[in-house]
Amino acid sequence: MRRHLFISIFLIVLSAVSLRAQQMKRVTGRVLDKTSGKPIDQQQFGIRIYGFNTVAAARDVKQLMDLDANTFVVPDAEAYPDDSGYYEISVAETGALIFKADMKDAVLEQVNFRLEINVRIEMGNYIRTSQVSAVRDVVDVIDQRTDMEGNYLKARSSISIPDNVGKTDARLIVQPFLIDAVSKDTLRALRPLVMEGSEYAMTQHRRMNFDDSQDPLNSYLLPDTLTADALVIPWADTIYVRDPSRNYLVKGIVLFEDYNRVYDRKDYYLASSRIGRPLRFLEYSMVPYMLDPQAYRERAKREKRNTAGNMSLTFKVGQARLEDSDTLGKRQLDSIRNVLLDIIHGEGSQLKEFHITGTASPEGPLAGNQKLAKKRLDYALGQITSVLPASVRERVYMTTDAKVASWSRVAELLDADSLVFEAESVRSIVAANPRNQDRQGYLIRSLPYYKSVIAPLLPRLRSVSYSYSYEIFRELTPEEILDRYLHDEDYRSGRKQFALYEYWHLFNTVTDKDELHSLYERAYRESMEVSGKPWILAACNLAASKIAGGVCDTTLLSRFIDLKTHTTDFRMMRLNGNGYDLVNPEAVVANQLIMYVMAGDFRKAGQLVNILPDNDRNRMVRAFALCLGGYYKGGKTAYERAEARKVFDLVSSSSLRNKMVLCLAMNTKNYDDMAENMLEELPQDDALTSYFRCIVYCRKGARTKDFMDDIAAEDALLDCFHKDKSFIDIAANDGYVVETIFKNAKDRYDYGE
């Protein structure tokens, strides 16, 4: 019985082991050069990792590879290392991996339940691709290359120093400057490069009293020693630029100094304006986010409304009564009275203030005009408020303000009618009698053209304006709000303000995009005026509307985002314990991220990616933001490299064009081979396909030194120009297109080939 039980347990364990052996695991590691211990230059060699779910299958393939390096392989999985040699691949725990570097012998590694497999391949001594040139007898800059990745300009070149320029008792200083390639303005100084001869270093050490930190250039000192022998010094810098769409140059001052003087100095361009922009043709769209309106619904509350207007009243000469013929003025008074009655009889509304201001024309004695103007305003005020009950009038703050227009204002009216001579005459009289308006009036009335020219203008200076404020606490229905918006010109034009809850209803009922955009702007602006801070719903809706229109404004939402809170929709209790505030609403963070991407500020966009959750809604937005910021390859840690690979895979899967763009952006032989194989899958009548073909063959020719590849690149670029001539300007500044190939293709295009 015990024997049968033991056998059963053994079979169960064996079955479990068998099942466990079939599990797929994500294996990571690095592929390095066995001799140098550094990553293999993938611009020179193509490296592939093949995964097999059984060791036997891997051994069969390796045997074929050893016989024929070009053996066609169909693995269970396949991967490529990045520039640092890091790779990831999914394979069975009991399977095997084959590492193949071009014509080198294949290396087989059994997985054997390992999650990390690092491999060193014997590459031997190989010569890197280089351009052979004549022996140089002057300082020169060679091998310039510049790439734009996110907001970072990655520039590198080599400074060639001939024999007998350097000395053991000298110092070399290279001071680079970032230059705007269009305006040629110097933007800022960059990190210098310093090299010293052995004798100079010893003397400088003594001159600094044996404290090298006193030398400001000491922290930039290279470990190599300057001699009289020829040498090539590599220079490289990663430069943050605020606007990655602009073209830049790096200019360098190269000088040699001994203890007493600068004995050699020249200016060079360390990096040209032909910049490689790997993601220039990435296609993407980011749909703006909208806040849930129900979560930000505004409730009706007692609000103070301010309204202003003007009246046209015609009084009897010298009296404070209206002319019987002034039917317009009487209608206006009736209209204002009816408005005030609506307020005092309205549910939940209360009239608080009424103010009337009048301006009289300057003819006649000043004191008399002022008294008459005051009487007329008192009359108008009495006419308007006569309909109000005494109990209401007692609680309404009322004022009148009577003014008499100046004769200088008359001169302005004359100027407006192009009566320059007459205006100057009036100004001369005013200037000669600055404090005596009665004297001014007497002299102006004596002018020969007073009755014919000046007197007819005076009625324009007679005006009456009014303003009133009231409080209301009654929530209008959505239908009433929409009717007010559609038919009340004062509200529609913005002369009268809507309450925030009224805007909330309009956001949900108005359908025209342009009108909604205008409403979002009004609500945003008016909320700032009322409370000193913007209404978050109006701000987010306005940002979304701008994004949809291709306009970015990163100031709209910045105040709603707290970078110290590393999550979205965080409920923070108020200090008084009365309720919560929502910090970093997800839609707000997403829209701000999109705005930063539109503005080319990928560094700040990257900060928001760390806050925005990685869910189905945000996944592609986050991936495109990271990709455009340059985070699609490399990384210092295994986690960073895995995240970069995730971004690469997500963006590559979005379209065939994006896969092509990213393959070229990786700039390795393996990925360039993949790009070449994809060319036939792209639209053949598209100029961009021809442009991609040109880049592929430019790189291929640089590796093979086969002039046929250069010809293929030139033909492809010429074909691109014929399909779309706008690519001429693009290619002229593209560091990925060989300059001689561009010039030849451009010449052929100009000559009509």
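As the structure is a computational prediction, the values presented were derived from the model and not from experiment.
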Handout entry: Polar side-chain atom of D710 near backbone of C698 as donor-acceptor pair, under 3.5 Å
Key = no
Completion exercise
Nearest heavy-atom approach of N118 to E116 is ND2-OE2, 3.3 Å
Problem - Sidechain N-carboxylate O distance under 4.0 Å for R114, E109 - result: yes
Problem - Considering all heavy atoms, the nearest L32-P39 contact - result: CD2-N, 3.7 Å
Problem - V91/N53 under side chain to side chain contact (heavy atoms under 4.5 Å, CB included): CA gap, chis, key distance, verdict - result: CA-CA 6 Å; V91 67; N53 292 334; 4.0 Å; yes
Exercise for the section: Starting from the C-alpha separation in whole Å, work towards a yes-or-no answer on side chain to side chain contact (heavy atoms under 4.5 Å, CB included) for L608 and I561. Expected result: CA-CA 9 Å; L608 296 187; I561 296 173; 4.0 Å; yes
Problem - Pair D601 + R242, salt bridge at N-O below 4.0 Å - result: no
Problem - Salt bridge flag under 4.0 Å for residues K633 and E640 - result: no
Handout entry: Residues forming a salt bridge (Lys or Arg N to Asp or Glu O under 4.0 Å) with R280, sequence neighbours excluded
Key = none
Handout entry: Least distance between heavy atoms, D66 atom then A106 atom
Key = OD1-N, 4.2 Å
Handout entry: Exercise: identify the closest heavy-atom pair between F602 and G629
Key = CB-CA, 3.7 Å
Exercise for the section: Please tell me if the side chains of V141 and S160 come closer than 4.5 Å, counting only heavy atoms from C-beta onward. Expected result: no
Practice task
Would you please say whether a donor-acceptor pair under 3.5 Å links the side chains of D709 and T704?
Solution key: yes
Practice task
Examine distances only and state if a side-chain atom of D706 and a backbone atom of G701 form a donor-acceptor pair shorter than 3.5 Å.
Solution key: no
Handout entry: Output field: ring centroids Y87/F99 closer than 6.0 Å
Key = yes
Fill in the blank from the handout: Here the gap from M195 atom CE to L221 atom CG, rounded to the nearest 0.5 Å, amounts to 8.5 Å
Exercise for the section: Side-chain contact test, heavy atoms from C-beta onward, threshold under 4.5 Å: evaluate it for S157 versus R145 and give yes or no. Expected result: no
Fill in the blank from the handout: The residue among L249, I159, T146 that forms side-chain contact (heavy atoms from CB on, under 4.5 Å) with L270 is I159
Handout entry: Point-to-point distance, once rounded to the nearest 0.5 Å, from OG of S158 to CD1 of I142
Key = 5.0 Å
Handout entry: Side chains of Q592 and T554 in contact at under 4.5 Å (non-hydrogen atoms)
Key = yes
Practice task
Applying salt bridge (Lys or Arg N to Asp or Glu O under 4.0 Å), name anything that partners K25, two or more places apart in sequence or on another chain.
Solution key: none
Practice task
Apply ring pair (Phe, Tyr, Trp, His ring centres under 6.0 Å) to Y284 and F624, showing your working.
Solution key: CA-CA 7 Å; Y284 63 94; F624 279 119; 5.7 Å; yes
Problem - Donor on one side chain, acceptor on other, N670 and T668, under 3.5 Å - result: no
Practice task
State, yes or no, whether a side-chain contact exists between I594 and Y289 at a heavy-atom distance under 4.5 Å.
Solution key: yes
Exercise for the section: Return yes if some donor-acceptor pair links the side-chain N/O of R188 with the main-chain N/O of F177 below 3.5 Å, else return no. Expected result: no
Exercise for the section: Using the side-chain contact (heavy atoms from CB on, under 4.5 Å) rule, pick out the option among L664, N658, L688 that qualifies with F281. Expected result: L688
Problem - Donor-acceptor under 3.5 Å (N151 side chain, Y240 main chain) - result: no
Practice task
Show the numbers, then the answer: is there a salt bridge (Lys or Arg N to Asp or Glu O under 4.0 Å) between R619 and D616?
Solution key: CA-CA 5 Å; R619 190 154 293 126; D616 291 341; 2.7 Å; yes
Handout entry: Residues N247 and R277: side-chain donor-acceptor under 3.5 angstrom
Key = yes
Handout entry: Note: D147-R156 ion pair, threshold 4.0 Å (strictly below)
Key = yes
Exercise for the section: Find out whether F742 and F721 are in side-chain contact, i.e. whether some heavy atom of one side chain is under 4.5 Å from a heavy atom of the other. Expected result: yes
Exercise for the section: For the pair F727 and Y691, name the ring-plane relationship: parallel under 30°, tilted 30 to 60°, perpendicular over 60°. Expected result: tilted
Fill in the blank from the handout: Value for CG (L64) from CZ (R59), rounded to nearest 0.5 Å, stands at 14.5 Å
Problem - Basic-acidic side-chain contact under 4.0 Å: K700, E676 - result: yes
Problem - Inter-residue atom distance I728.CD1 - N733.CG, 0.5 Å rounding - result: 12.5 Å
Problem - Stepwise side chain to side chain contact (heavy atoms under 4.5 Å, CB included) test for L190 and I239 - result: CA-CA 8 Å; L190 304 176; I239 308 154; 3.5 Å; yes
Practice task
Please tell me if the side chains of R246 and D243 come closer than 4.5 Å, counting only heavy atoms from C-beta onward.
Solution key: yes
Handout entry: Residue pair N618 / E586, side-chain donor-acceptor N/O under 3.5 Å
Key = yes
Practice task
Look up atom CG in L718 and atom CD in E714, then write down how far apart they are to the nearest 0.5 Å.
Solution key: 8.0 Å
Handout entry: Cationic N near anionic O, under 4.0 Å, D672 to R699
Key = yes
Handout entry: Heavy-atom closest pair, residues A642 and E88
Key = CB-OE2, 2.7 Å
Exercise for the section: May I ask you to check whether over 12 heavy atoms, not counting those of K659, lie within 6.0 Å of atom NZ? Expected result: no
Problem - SB check D237 R191 (cutoff 4.0 Å) - result: no
Handout entry: CD/E283: more than 12 non-hydrogen atoms of other groups inside 6.0 Å
Key = yes
Practice task
For salt bridge (Lys or Arg N to Asp or Glu O under 4.0 Å), just list the numbers for R48 and E78, CA-CA rounded to whole Å, side-chain angles, deciding distance to a tenth of an Å, and then say yes or no.
Solution key: CA-CA 7 Å; R48 297 193 181 192; E78 188 173 2; 3.2 Å; yes
Practice task
Please examine the side chains of I89 and L97, heavy atoms only from C-beta on, and report whether any two atoms are closer than 4.5 Å.
Solution key: yes
Problem - Shortest non-hydrogen contact from C663 toward A675 - result: CB-CB, 4.2 Å
Problem - Heavy atoms of other groups near K723 NZ, more than 12 under 6.0 Å - result: yes
Exercise for the section: Examine distances only and state if a side-chain atom of E149 and a backbone atom of L279 form a donor-acceptor pair shorter than 3.5 Å. Expected result: no
Exercise for the section: Please test I233 against L231 for side chain to side chain contact (heavy atoms under 4.5 Å, CB included), starting from the C-alpha separation and ending with a verdict. Expected result: CA-CA 6 Å; I233 305 171; L231 74 159; 3.7 Å; yes
Exercise for the section: Look up atom CG in N610 and atom CG in L563, then write down how far apart they are to the nearest 0.5 Å. Expected result: 9.5 Å
Exercise for the section: Using a 4.5 Å cut-off on heavy atoms from C-beta on, say whether the side chain of L593 contacts that of V609. Expected result: yes
Problem - Short side-chain to backbone donor-acceptor contact, D82 and Y86, under 3.5 Å - result: yes
Problem - Residues that R645 engages under side chain to side chain donor-acceptor pair (under 3.5 Å), provided they are two or more places apart - result: D649, Y671
